[in-house]
Amino acid sequence: MHELPKHYDHAAAQARCRTLWDAGRYWHAEPGDAKGGRPTFSIVIPPPNVTGALHLGHALNNTLQDVLVRMKRMQGFVTLWMPGTDHAGIATQAVVERRLLEEEKLSRHDLGRERLVERIWAWKEQYEKRILGQLRDLGASCDWDRTRFTLDERCARAVREAFFRLFEKGLVRRGKRLVNWDTFLQTAVSDDEVFHEEVKGHFWHIRYDVIDPRPGEPASVTVATTRPETLLGDTAVAVHPDPSAALDAAEAALREKLAAASVKEQPPIAAEIESIQARRTELLPALLKLAAMARDGRQVRLPLLGRTIPLVADEWAKPEMGSGCVKITPAHDPNDYDVGLRRSLPMINILNPDGTLNTEAGPYAGLTIRKARERVVADLEAAGQLEQVEDRLIDLAHSDRSKTPIEPYLADQWFIRMAEIADPALRAVEDGRVAIHPARYAKSYLDWLGEKRDWPVGRQLWWGHRIPIWHVSGVSETDLAAAFAGRDDVRWRKADDSDAFFVCSTSESLGVDAVAGRPLARDPDVLDTWFSSALWPHSTLGWPEKTAELAAFYPTTTLVTSRDIITLWVARMVIMGLFDTGEIPFKDVAIHPKILDRYGETMSKSKGNGVDPLDVIEALGADALRFGMASMATETQDVRMPVEFQCPSCGHMIEQTVQNRTKPRIDCPKCAKPFRTQWAQTPDDLALPRGPAVSERFEAGRNFSNKLWNATRFVLMNLEGYAGEDCSNGIPAGSLDALEDRWLASRLATVTAEATAAIETYRFAEAARVLYAFAWDEFCSAYLELCKPRLADPATRRQAQSMLLLGLDTILRLLHPIMPFVTEEIWQHLREAASLRRMPWDGAGRAESIMVAAWPSPPSTWVDATTERRFGTFLAVVGSIREIRSRQNVPPKTRVEVALRCSADLAALLSPMAASIESMAVATVGAIGPDTVSPPAAAGATAGGVEVFVDLAGLIDVEAEIGRISKENEKLVGLIAAKKSKLESGSFAEKAPPAVVAKEREQLAEMQGRLEKAVATLAALRGRS
RNA sequence: GGGCGAUUAGCUCAGUUGGUUAGAGCACUAGCUCGACAAGCUAGGGGUCAUAGGUUCGAGUCCUAUAUCGCCCACCA
């Protein structure tokens, strides 16, 4: 006999399974296998950044992908899950640079481009290994032989080719753009890499004097700014061209808002209206004059530098705000930049790339922004130009990567024109070729893409794909044509604003030093990380080569990702996939929720509210983590996950709160022993045992693993004498005479269909719930219990063994995508102990691993609603006996005498089940049939049309029974009254569909019958007491 | 400012096109060491489905408003 340990050992099982899977390479996909018409299924992993370790979001994302991939593989698809990591340009370089500065006090310039890139590669090797290891720990069945990296040679080739094609079509341009400049990393960053944070600041009111004011004209204008140092780059002061009309419009808008506002919102709006009215008398006359002066082309003097700058009329200056006038610094403010373009103003860049001021700033050149601000303010004050200083909270843009303030900065940038290439991507989602699940997320995709904003792709970094462009000046079109004659891997284009040429090539090196004696200079920029990410589905498969992989697996089937990168990544993949290959990159996009902590905050390492997936894997097992993840993957937007610290000494769970989550050590309130957290710094703290941050939400999965393990343990303990099935359809000889066997077969067919459909439509939580409930409540609690007496009887033993194996094996296969380790471990035990078993859906031979076992496909003829209903009656009878026992405080081992009154039909059904009732309810079943008479002292109940009598003679607490029945009757009377009034109200019976009405009547009759009987029982009991 | 979503048991969440007496896990209460499983078994308590209106024979489910919370996007001299 094959006996298992009492507890499932997840650590040992995980190690064994990984060895087995790697030995068999079951995760590997060969494109050649798809030739015989076998369907394919492919997924590319959203490549994790090599900046660090995987977090719970990754665990969720990858669990869901693996669930899909494992099911499809078992269903016989040629299944590819492409793994890989992302070089994450700016993020990775920032991390490495910061460490360099902290540990060696070196900047990237001290090291130089080549050596810095070497350092980053070393970092990448280390973290990539760790990340891939974590994915394996999670059980991800990626095709490890194909692991890619967004910066590897294959991806680089695709990047050069894609860029080249964009360049060739004139979609890559270079021009002046106002960018978010990160002065620490000295690169432009995209809007997506910027976060806003409120900081305390000031609002400075500065007076600019009008040049040669005429009588009756204002002698000065006052403007307000939070960044006084930018006045050094001012090239105008703006006033609204028609301040009177603008005030009217502002007031009208406010009045409209006031009318629609709630009572609570009204006062501040009313105050705003008042302030506008006040402005009409206090400010408007001056503004009107200024507007007229602006039309006359009058000028003001820039304080400190003394330059003369024009007064311009522009709608951007809002008369209802501030002084009504605004300084214009086109090179350092996005709105001012627009004004500058509209009014053809000069644009003066006052910053060096490192954030110090350049020579345009005159005496302030060389100062940092902070120092310059102090000096400018002091000098303004000394000059008497500073009118007022207010304290104010400022929403300041910071770089996501360096955490330093962003400076808007005018610079030459590469960008990709979206106008032409966005349309096909819009259409692909509009017409459903790319389907987003849940569908509501399609809106953010379409909205974002509809704006068709140019994509700035250059980054002034060293870590990334170098832009495949060379600059050359002083040459002619003819020189270039001569130099690159016969080369179709080279294209060039004249710069828009100079006589230089840009030369683009798909080759890594152009192979020439000079064109007509002029040197070629490689562009120093690298591409935005998202550029290589956008190519990920086709670049990993070998594009632009016409590889077998590309033919077999592209377009991929499904992309699984979280909602925050729908625009950044999903949309760009669709754009580039269509542009490069003419085909969509994937058919389905499955969006999954974000995991938040108990307060609804996003998890992050810096907040200290995160959970390390490896802690969960270690403490509860990878299957527990995965089951929890699948259960959380509902269609709602976020999932809250309360986090606890687990005391390493006593196992006690300590709720993680805002107060304790950043403490380096915590004293366990139960055992009083201290443990350390991720924040431990001092040697004393570091010496303590570590208390992992976990969540009780994963315990259900751990318990479920153990439940499956023990169900298996039971089956294996009872396999003696098992000789395999002797019929070809997998259903044991003797067919399905027993009700419970027909029921099991029916349930297996139903549950298989439900679970399969749920996974196929990305309802992972539904799949987890259905399988959990079936395995636990139906297979273990009901079927397994029923088998106990049958296994003891030689006449039924063999049938029970076969059916137990059928049920267990099916459950294992259905659960394998969600819980691969425990199901594989059990599978291997079954291979050993029950090698003769054969499932109806198995072909010849037996799978060495459950990974490649056939997905169950019970015939729909197994589904039998009548049997399921009847079995429900049986379970209800057992349930009501148990309930009576419990209420009567009958000791668990004491048998009770039971009689059942029911129709002849039901009696025929229940009689063969008597032994089962006896074993499940610790009872002795007496009479069953229509003529059954209630014992004189009995506790009664009605269950699915069966009257259950438990003889209480000698055991009972009659008063308790009277109390219970009375209480129940009260409830029943209420329900009956409600139902009656509903049926008799007239309108219900007239208007509701007949089927619904009939059902209601049926229920009413049943309730009334039940009540009558209960009243009779009550009378009998009262008579005795 | 624009868009999207959430509000159901103490906690975390399900709840299909409107139709039995609204479910699960955890937590709670009582009882249980019988050879599958105490990470378990049996039974139980606990919900005017955020609030106010409306549509309907019938609303957790549909509509309108309100409140609270969250996310995305844009903007803030």
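Numbers restart at 1 for each chain; the letters A, B, ... are given by sequence-line order, proteins then strands. What you see below is based on every heavy atom in this structure, not just the backbone, and it leaves out hydrogens, waters and symmetry mates.
- Using atom P as the reference point in both B:rG19 and B:rG60, the two lie 10 Å apart (nearest Å).
- The partner of B:rA52 is B:rU64, judged by Watson-Crick or G-U wobble contacts that both fall below 3.5 Å.
- Taking the P atom of each, B:rA52 and B:rG5 are spaced 24 Å apart, rounded to whole Å.
- The separation of B:rA14 from B:rG47, taken at their C1' atoms, amounts to 15 Å, rounded to a whole angstrom.
- B:rG46 and B:rA67 have their P atoms separated by 35 Å, with the value rounded to a whole Å.
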- Message: Run the side chain to side chain contact (heavy atoms under 4.5 Å, CB included) test on A:Arg885 and A:Val950 for me, step by step, so that the C-alpha distance in whole Å, both residues' side-chain angles and the decisive distance to 0.1 Å come before the verdict.
- Response: CA-CA 8 Å; A:Arg885 292 180 57 103; A:Val950 175; 5.7 Å; no
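- If you check every strand for non-hydrogen atoms under 4.0 Å, A:Ser444 touches nothing.
- Atom CD1 of A:Ile591 is separated from atom P of B:rC4 by 17 Å (rounded to the nearest Å).
- Among B:rA74, B:rG31, B:rU12, the nucleotide with an atom closest to any side-chain atom of A:Pro892 is B:rG31.
- The phosphate of B:rC37 (OP1 or OP2) has a side-chain N or O of A:Lys6 nearer than 4.0 angstrom.
- Whole-Å rounding puts the A:Arg882 CZ to B:rC32 P distance at 17 Å.
- The side chain of A:Met717 has B:rA36 as its nearest neighbour among B:rG70, B:rA36, B:rC26.
- Judged by Watson-Crick or G-U wobble contacts below 3.5 Å, the nucleotide B:rC75 has no partner.
- Nearest to the side chain of A:Lys443, among B:rC4, B:rA36, B:rU42, sits B:rC4.
- Nucleotide B:rA39 holds its C1' atom 14 Å from the CD atom of A:Glu696, rounded to whole Å.
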- Just do the side chain to side chain contact (heavy atoms under 4.5 Å, CB included) check on A:Leu302 and A:Val237 with the steps written out, would you? CA-CA 9 Å; A:Leu302 183 66; A:Val237 167; over 6 Å; no
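- Residue A:Met920 is classed as having no contact, given no heavy-atom separation below 4.0 Å to the nucleic acid.
- Here, B:rU7 and B:rU12 have their C1' atoms 14 Å apart, quoted to the whole Å.
- As judged by a 4.0 angstrom heavy-atom cut-off over every strand, A:Arg453 is placed among residues touching the sugar-phosphate backbone only.
- In this entry B:rG58 has no Watson-Crick or G-U wobble partner, no candidate having both defining distances under 3.5 Å.
- The environment of CD in A:Glu618 is sparse: at most 12 heavy-atom neighbours from other residues, nucleotides or ligands sit within 6.0 Å.
- For A:Leu4 and B:rA36, the CG to C1' distance is 10 Å, given to the nearest whole Å.
- In this structure, B:rA43 forms a base pair with B:rU29, meeting either the Watson-Crick or the G-U wobble geometry with both donor-acceptor distances under 3.5 Å.
- Of the candidates B:rC11, B:rC4, B:rG44, B:rC11 carries the atom nearest the A:Pro642 side chain, counting heavy atoms from C-beta on.
- In the set B:rU12, B:rU33, B:rA36, B:rU33 carries the atom at the smallest distance from any side-chain atom of A:Lys893.
- The listed nucleotides are B:rC13, B:rG25, B:rA36; the one nearest the side chain of A:Ala700 is B:rG25.
- For A:Ile566 and B:rC72, the CD1 to P distance is 11 Å, given to the nearest whole Å.
- Between A:Arg343 and A:Glu315 a salt bridge is recorded (basic side-chain N to carboxylate O distance below 4.0 Å).
- The distance from atom CH2 of A:Trp448 to atom C1' of B:rG3 is 16 Å, rounded to the nearest whole Å.
- One cannot find a donor-acceptor pair under 3.5 Å joining the base of B:rA27 and the side-chain atoms of A:Glu699.
- Between A:Arg713 and B:rC37, a side-chain N or O to OP1/OP2 separation shorter than 4.0 Å is present.
- Close to B:rA14, at under 4.0 Å from its OP1 or OP2, lies a side-chain N or O of A:Thr634.
- Residue A:Gln1003 is classed as a base contact, given a heavy-atom separation below 4.0 Å to a base.
- Distance check on atom P: B:rU20 versus B:rU61 gives 14 Å, rounded to whole Å.
- The same atom, P, is picked in B:rA27 and in B:rA36; the two are 24 Å apart, to the nearest Å.
- Regarding A:Arg640, its CZ atom lies at a distance of 9 Å from the C1' atom of B:rA6, rounded to whole Å.
- For the OP1/OP2 pair of B:rG40 and a distance below 4.0 Å, the side-chain nitrogens and oxygens of A:Asn703 include at least one atom meeting the criterion.
- Two residues are said to be in side-chain contact when any heavy atoms from C-beta on lie closer than 4.5 Å; A:Met629 and A:Ile595 meet this criterion.
- Within the 4.0 angstrom heavy-atom criterion, only backbone atoms of the sugar-phosphate kind lie near A:Thr226; the bases stay farther away.
- Of all nucleotides present, only B:rC69 satisfies the Watson-Crick or G-U wobble test against B:rG5, with each distance under 3.5 Å.
- If you check the side chains of A:Arg697 and A:Ser695, you find no donor sitting under 3.5 Å from an acceptor.
- Positionally, the nearest nucleotide of RNA chain B for A:Lys788 lies more toward the 5' end than for the other of A:Lys788 and A:Trp776.
- Sequence order on RNA chain B of the closest nucleotides to A:Tyr8 and A:Glu451 puts A:Tyr8 first from the 5' end.
- Nearest nucleotide to the side chain of A:Arg769, out of B:rC41, B:rU12, B:rA14: B:rA14.
- Separating the P atom of B:rG3 from that of B:rA59 is a span of 31 Å, rounded to the nearest Å.
- Closest to the side chain of A:Leu784, from the set B:rA36, B:rU12, B:rG3, is B:rA36.
- Among the nucleotides B:rC41, B:rC73, B:rU21, the one closest to the side chain of A:Lys707 is B:rC41.
- Side-chain contact check for A:Tyr208 versus A:Lys327: some heavy-atom pair is nearer than 4.5 Å.
- Looking only at atom types and distance, the side chain of A:Asp314 has no donor-acceptor partner in the side chain of A:His240 under 3.5 Å away.
- Residue contacts for A:Ala317: at a heavy-atom cut-off of 4.0 Å it reaches a base atom on one of the strands shown.
- Atom CZ in A:Arg697 sits about 12 Å away from atom P in B:rC26, given to the nearest Å.
- Side-chain atoms of A:His10 and A:Glu825 include no donor-acceptor pair closer than 3.5 Å.
- Here A:Arg702 lies in heavy-atom contact (under 4.0 Å) with a base.
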